[in-house]
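Contents: one structure, followed by commentary.
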Amino acid sequence: MTDAERQWVSAAKAGDVEAFNQLVRMYEGRVYGLAYRMLGDSDSAADVAQDTFISAFKAIKRFREGSFAAWLLRIATNACYDVLRAQKRRRTSSMDQMLAGDDDSPGEQFEDQSLPLDQHMINRELQAAIQAGLATLPEDQRAVLIMCDIQGFAYEEIAAATDTQLGTVKSRLSRARAKLRDYLKSRELLPTAER
Amino acid sequence: MTPISEQHQELLSAALDGQLSAAEQAQLDQQLEHDPSLAAEFAELRSMQALLQDLPPVRPPRSFTLDPALHAPKRSFWLSGWTRWVTVVGVFALMLTVGLQLSNQAEQAMTMAPESRIMSTESAAVQSQQAENESPVAPPMSTGRSAAMPTPEMALLQEPTGGAADAMSGAYPPPAQPYAAGSGPMSDTSDMARSISPEQATAIAGNSLNQPLIERNDTSSPDTISLEPPVLKDQVLEQTAPAPAAESESSLLLWFSIALVLGIGLAFAMGYWFKLHKQA
């Protein structure tokens, strides 16, 4: 945690909303990204991200030393689990909506819009396939894989964010990678292995 | 390609993230050299990881910053910081003072009712003591007041006096008359005085045992036997003298507490007004 982060956290603990908003600006991309990858739906992801920051502000006095990002992602992950459980209860799948080709496809969410059209289409398909593959993973494995390979968190931070041991993180990550590899390989989306 | 064990999967996964020790990494490199399926597996995992790492970051559809007007913590002005403790102390002081005041009033009300009975008993005891000192022969009943007070205590005192007791028994009217006329036992000395006729008073005066009693009273007029010896008045004055001081002290405390609470309230109101003014 940087010095600026510490100051913002301290000020936010004292009730300074503007200081907390600095933290929001710093982490909203990661929080929304995690939620989007977990849920596959931009509206739900936005709701989860907003709820995460509101919950974090309310609970920031309980935050002690450690990684603020991991603490924030823990709130976001739990919020995602809640949404996924609710979606299961409603027996609706966000993946079904996404694969049905609605306007909320993942390609619309990405920043790089300057690629050539054919490359852009390939990327969209690949991204949609990756998102579909992520949706096939168990929730705990999905969260670990997103945090590690997409968002680049260290094992320790992931363990803190998921409230698990380091060994559990390694194990979940290994299984998630193997499953997603199988999924992409079965759709011939993985580049040919070269050594 | 034969499926690899879970242990090898974890080893490969850790190797992707550079989490193996030097010894483990060297061991894995050797295995990869000699096991093409393991090497292919590792290459696929590395490719997949590269795909995930190359995914463009997702752009949030909007900002998630919080609106200070909505999410700023609402602090209770009335119950924050030092004001809370000042309020608690002020209210406690007020309650304590009001409680003391009420308790004093109740105590005074309780002591006012039996005052005459207590005073008569005390005066009888004091005066009998004085009589003993002045005349060792004289019986305990030695004052006009004692003669006029047939309280149970005095009746006991009068028993061993012999002639005086006889005179008193003659002086007293039959019990049926005053008790029938009155509403209860004769506790008022003035009633007793009225019940003694001048002849009875003279008879009492003729008795040598009652001489000290007569000497202490106005012998010129047996009808006006003094019922209020000076000792009793002094005692009453001594008893009632501290009461106004205590009362005024209690009132002072009460007013002080009220002023304290009002002052605190005024300070809060002013602080709140300044706060609102500042926000506006």
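FYI, side chains are in, hydrogens and waters are out, and symmetry mates aren't considered; it's all heavy atoms of this structure. Within every chain, numbering begins at 1; the chains are lettered A, B, ... in the order of the sequence lines, protein sequences first and strands thereafter.
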Please classify the contact of [X] with chain B as side chain, backbone, both or neither, using a heavy-atom distance under 4.5 Å.
{"X": "A:L23", "result": "neither"}
{"X": "A:E18", "result": "side chain"}
{"X": "A:F20", "result": "side chain"}
{"X": "A:R175", "result": "side chain"}

What closest approach, in Å, do [X] and [Y] show between heavy atoms, and which atom pair accounts for it?
{"X": "A:V17", "Y": "B:P68", "answer": "CG1-CA, 3.8 Å"}
{"X": "B:T65", "Y": "A:Q50", "answer": "O-NE2, 4.5 Å"}
{"X": "A:R37", "Y": "B:P56", "answer": "NH2-O, 3.8 Å"}
{"X": "A:Y32", "Y": "B:V58", "answer": "CE2-CG1, 3.2 Å"}
{"X": "B:L66", "Y": "A:F53", "answer": "CD1-O, 4.1 Å"}

A:L173 versus B:D17: any side-chain heavy-atom pair under 4.5 Å? yes
Measure distances from B:L12 to the heavy atoms of chain A and classify the residue's part below 4.5 Å as side chain, backbone, both or neither. neither
Checking the side chain of A:R177 only, and the main-chain atoms of B:S13 only, is there a donor and an acceptor separated by less than 3.5 Å? yes
Chain B contact residues among residues 148-164 of chain A, heavy-atom distance under 4.5 Å: A:C148, A:D149, A:I150, A:Y155
Contact listing (chain B partner; residues 2-11 of chain A; heavy atom under 4.5 Å): none
Go through B:L11, B:L16, B:D54 and name the one with the most non-hydrogen pairs under 4.5 angstrom from chain A. B:L16
Could you check which of B:R46, B:R62, B:E6, B:Q53 has the highest count of heavy-atom pairs closer than 4.5 Å to chain A? B:R62
To the nearest 0.5 Å, tell me how far [X] [atom1] sits from [Y] [atom2].
{"X": "B:L52", "Y": "A:L134", "atom1": "CG", "atom2": "CG", "answer": "6.5 Å"}
{"X": "B:Q19", "Y": "A:K170", "atom1": "CD", "atom2": "NZ", "answer": "6.0 Å"}
{"X": "B:Q49", "Y": "A:L180", "atom1": "CD", "atom2": "CG", "answer": "11.5 Å"}

So which of [options] has the largest heavy-atom pair count under 4.5 angstrom toward chain B?
{"options": "A:I54, A:L145, A:L184", "value": "A:I54"}
{"options": "A:G33, A:S171, A:A46", "value": "A:A46"}
{"options": "A:L189, A:T52, A:V31, A:I130", "value": "A:I130"}

For A:Y81, does the OH atom have more than 12 heavy-atom neighbours from other residues, nucleotides or ligands under 6.0 Å away? yes
